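Report on one structure; see the data block that follows.
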Amino acid sequence: MEVRSNPIADYSSNPQQNRQRHAPAVASEQHIASPHPIDPTSVTQRLQKELMSLMMSGGDLGVSAFPDGESIFTWIGTIEGGKGTMYEGLSYKLSLRFPLDYPFKPPQVKFETMCFHPNVDQFGNICLDILQDKWSSAYDCRSILLSVQSLLGEPNPESPLNSYAATLWNDKEDYRRMVLKQFFGGEALES
């Protein structure tokens, strides 16, 4: 009779051997999670191309972005509040963190400047469909920044991250006062 050890039951005897035993399963799970092969060189080239494109045309539209430090995967963006919106005359900083499987996955985009808005929470997280379930690899940094800029003037109060801002949206005078108070005061208001 042959005696075999039970790999599931024996986790404590040899952790190093245990990690080796389960390594292929993890690799195959990662492969399933990302059907597109990850090539950091092509991602870097794509981001460099987007940077050049943005530098050539973005500033004219009130949006800009540049790598933050040495990494091409972390950028700081700026959007200007659109004319005729509650954000006119204000300039907001955003952070953009691109994943290694960009453009197949969206970047993480957050406001770094305090922003009073129905679709922005107190931590700067943004509720915008193209950054989540409506993401497409056809989007680029420029289109993301323009979408966030557009969201400032056209919020979706039906899907708020900041319910107080959503309820105040129809009272333009009080809303603008809160926009300015949070922009200049930097206070986080409770929802």
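The structure displayed is predicted, hence computed values, not measured ones.
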Side chain to side chain contact (heavy atoms under 4.5 Å, CB included) between T113 and S91: does it pass, once the steps are laid out? CA-CA 9 Å; T113 306; S91 179; over 6 Å; no
Run the numbers on Q182 and M178 for side chain to side chain contact (heavy atoms under 4.5 Å, CB included), then give the verdict. CA-CA 6 Å; Q182 206 167 60; M178 288 303 298; 5.8 Å; no
Run the numbers on V43 and F104 for side chain to side chain contact (heavy atoms under 4.5 Å, CB included), then give the verdict. CA-CA 10 Å; V43 175; F104 303 110; over 6 Å; no
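L180 has its side chain out of reach of F116: every pair of non-hydrogen atoms, C-beta onward, lies at least 4.5 Å apart. V63 places none of its side-chain heavy atoms less than 4.5 Å from the side chain of C141. No side-chain heavy atom of V148 sits less than 4.5 Å from a side-chain heavy atom of Y92. V109 is not listed as a side-chain neighbour of W75, based on a closest heavy-atom distance of 4.5 Å or more. Counting only heavy atoms from C-beta outward, the side chains of F184 and L90 approach each other to under 4.5 Å.
The cluster map of Ile, Leu, Val, Met, Phe, Trp and Tyr, joined by side-chain heavy atoms under 4.5 Å apart, puts L131 and I76 in different clusters.
The CG atom of D140 lies 11.5 Å from the CG atom of L51; values are rounded to the nearest 0.5 Å. Atom CG of L94 sits about 6.5 Å away from atom CG of L145, to the nearest 0.5 Å. For the atom pair CH2 of W169 and CE of M86, the computed distance is 5.5 Å after rounding to the nearest 0.5 Å. The CD atom of Q45 sits 10.0 Å away from the NZ atom of K49 when rounded to the nearest 0.5 Å. Taking OG from S57 and CZ from R142, the interatomic distance works out to 4.5 Å, rounded to the nearest 0.5 Å. Taking CD of E50 as the start and CD1 of I144 as the end, the distance is 7.0 Å to the nearest 0.5 Å.
Between F98 and Y102, the two ring planes are perpendicular [angle over 60°; tilted spans 30° to 60°].
In this structure, the side chain of E88 engages the main chain of G84 through a donor-acceptor pair within 3.5 Å. A donor-acceptor pair under 3.5 Å links the side-chain atoms of S147 to the main chain of S143, judged by distance alone. When atom types are taken as modelled, the side chain of Q149 and the backbone of E80 share a donor-acceptor pair closer than 3.5 angstrom. Judged by distance alone, the side chain of D101 and the main-chain N or O of K105 form no donor-acceptor pair under 3.5 Å. Although no hydrogens or angles enter the test, the distance criterion places no donor-acceptor pair under 3.5 Å between the side chain of S71 and the main chain of P67. With hydrogens and angles disregarded, a donor-acceptor distance shorter than 3.5 Å links the side chain of T167 to the backbone of Y164.
In the displayed structure, K172 atom NZ is contacted under 6.0 Å by more than 12 heavy atoms of other residues, nucleotides or ligands. The environment of Q132 atom CD is dense: over 12 non-hydrogen atoms of other residues, nucleotides or ligands sit within 6.0 angstrom.
Residue S137 comes nearest to R46 through the heavy atom pair O-NH2, 3.0 Å, listed as atom of the first residue, atom of the second, then distance. The two residues I130 and Y139 come nearest to each other via the heavy atoms CG2-OH, 3.4 Å. The shortest non-hydrogen separation linking P118 to P157 is CB-CA, 4.4 Å. For the pair S64 and L54, the tightest heavy-atom approach, listed with the atom from each and the gap, is C-CD2, 4.1 Å.
For N119, the side-chain contact (heavy atoms from CB on, under 4.5 Å) partners are H117, C127, L151, P155, N156, not counting sequence neighbours.
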